[in-house]
Amino acid sequence: HIEPQPDPTGEREKRRAAKRAGDFSPERSAWAYNLVGNEKKHRGDLNGALADYEKAIELHPQSAEAHNNRAGIKRSQGKLDEALADYNKAIELEPTLAVAYGNRGLVRKANGDFAGALADYNKGIELDPNQVQVYNSRGELKRAQRDWEGAIADYTRAIALQPDFAVAYNNRGQVHRAKGDFKGALEDYNKALELNPRLASAWNNRGILKQTQGDRDGALADFNRAIELKPDSPQFHSNRGDALRLKGQLDEALTAYDQ
């Protein structure tokens, strides 16, 4: 006997009720394509997700959610102008869609529009103060602008909202290291790796810190682990080359630099 799965949001029952009532409106169909597109995106089928979002927009052009979702695929494909147009449309259709502001901020930052990105992050947080990813994104922007205290405040808020957010610990560690707070940086890198041992950038960042402190063996071990997780990173191989060179292993260093 298989027990029915819980339906806390009532969405399953809504779908059943719609089916019983013969609700096959374009809006309803668009909602279904959005839902399936989200699942395909989660599974890594970006082309399938894009096709579903396109169909949702065809059925219901006023769907802000569909425009926001399609923009996410376009952004991941590097089509920033198309993504920006979709985020603009989503916000035009639904000016209180907090997630669209945060997402548009990512595109604006990638385009070098830091002022526009900051305005979007601020608006997204104003509309929904619990957006963990937007605090992290705003922290990244402030770090790029060398606003160390502002960046730390945003990363710390992201961590408060989601205590297992390894990326935020890693990012905050970067700011502590930039400020010369090596103890705080090491604590954050260690926590990031405790939460997510497969976070390659945290191994690399901790390796850089250890090398700065003269721990060449520790640095090399961390760079090796980073490369195991992400072997196609030229930066990781270059850092490993530096560690080997400082240890006097020059031939191995040359091999690492060539990677």
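Because the structure is predicted, anything quoted here is derived from the model rather than measured.
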Does the distance from a Lys or Arg side-chain N to an Asp or Glu carboxylate O, for Arg43 and Glu39, drop under 4.0 Å?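 Yes, charged N to carboxylate O under 4.0 Å.
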salt_bridge(Lys179, Glu149) N-O dist < 4.0 Å: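 Salt bridge present between Lys179 and Glu149.
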What are the two closest heavy atoms between [X] and [Y], and how far apart are they?
| X | Y | value |
| --- | --- | --- |
| Ala100 | Ile91 | CB-CG1, 3.8 Å |
| Ala151 | Arg143 | CB-N, 3.8 Å |
| Leu141 | Lys109 | CA-CE, 3.9 Å |

For [X] and [Y], which I'm curious about, is there any donor-acceptor pair between the side chains at under 3.5 Å?
| X | Y | answer |
| --- | --- | --- |
| Asn69 | Asn34 | yes |
| Tyr33 | Glu54 | no |
| Asn239 | Gln235 | yes |
| Tyr169 | Glu187 | no |
| Asp188 | Asn170 | no |
| Asn103 | Asn68 | yes |
| Asn204 | Arg225 | no |
| Arg245 | Tyr257 | yes |

side-chain hydrogen bond (donor to acceptor under 3.5 Å, both in side chains) partners for Glu94, two or more places apart: none
Do you reckon [X] sits in the same ILVMFWY cluster as [Y], going by side-chain contacts under 4.5 Å, direct or chained?
| X | Y | answer |
| --- | --- | --- |
| Leu50 | Leu46 | yes |
| Leu93 | Tyr87 | no |
| Val167 | Ile125 | yes |
| Phe114 | Val134 | yes |

Without placing hydrogens or testing angles, list every side-chain donor-acceptor pair under 3.5 Å for residues 71-79, not counting sequence neighbours.
| residue | atom | partner | partner atom | Å |
| --- | --- | --- | --- | --- |
| Lys74 | NZ | Glu82 | OE1 | 2.9 |
| Ser76 | OG | Ile73 | O | 2.7 |

More than 12 heavy atoms of other residues, nucleotides or ligands under 6.0 Å from NZ of Lys230: yes or no? no
State, yes or no, whether a side-chain contact exists between Phe165 and Gln133 at a heavy-atom distance under 4.5 Å.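 Contact flag for Phe165/Gln133 side chains = yes.
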Under 3.5 Å donor-acceptor pairs involving side-chain atoms of residues 157-164, not counting sequence neighbours:
| residue | atom | partner | partner atom | Å |
| --- | --- | --- | --- | --- |
| Gln162 | NE2 | Asp164 | OD1 | 3.4 |

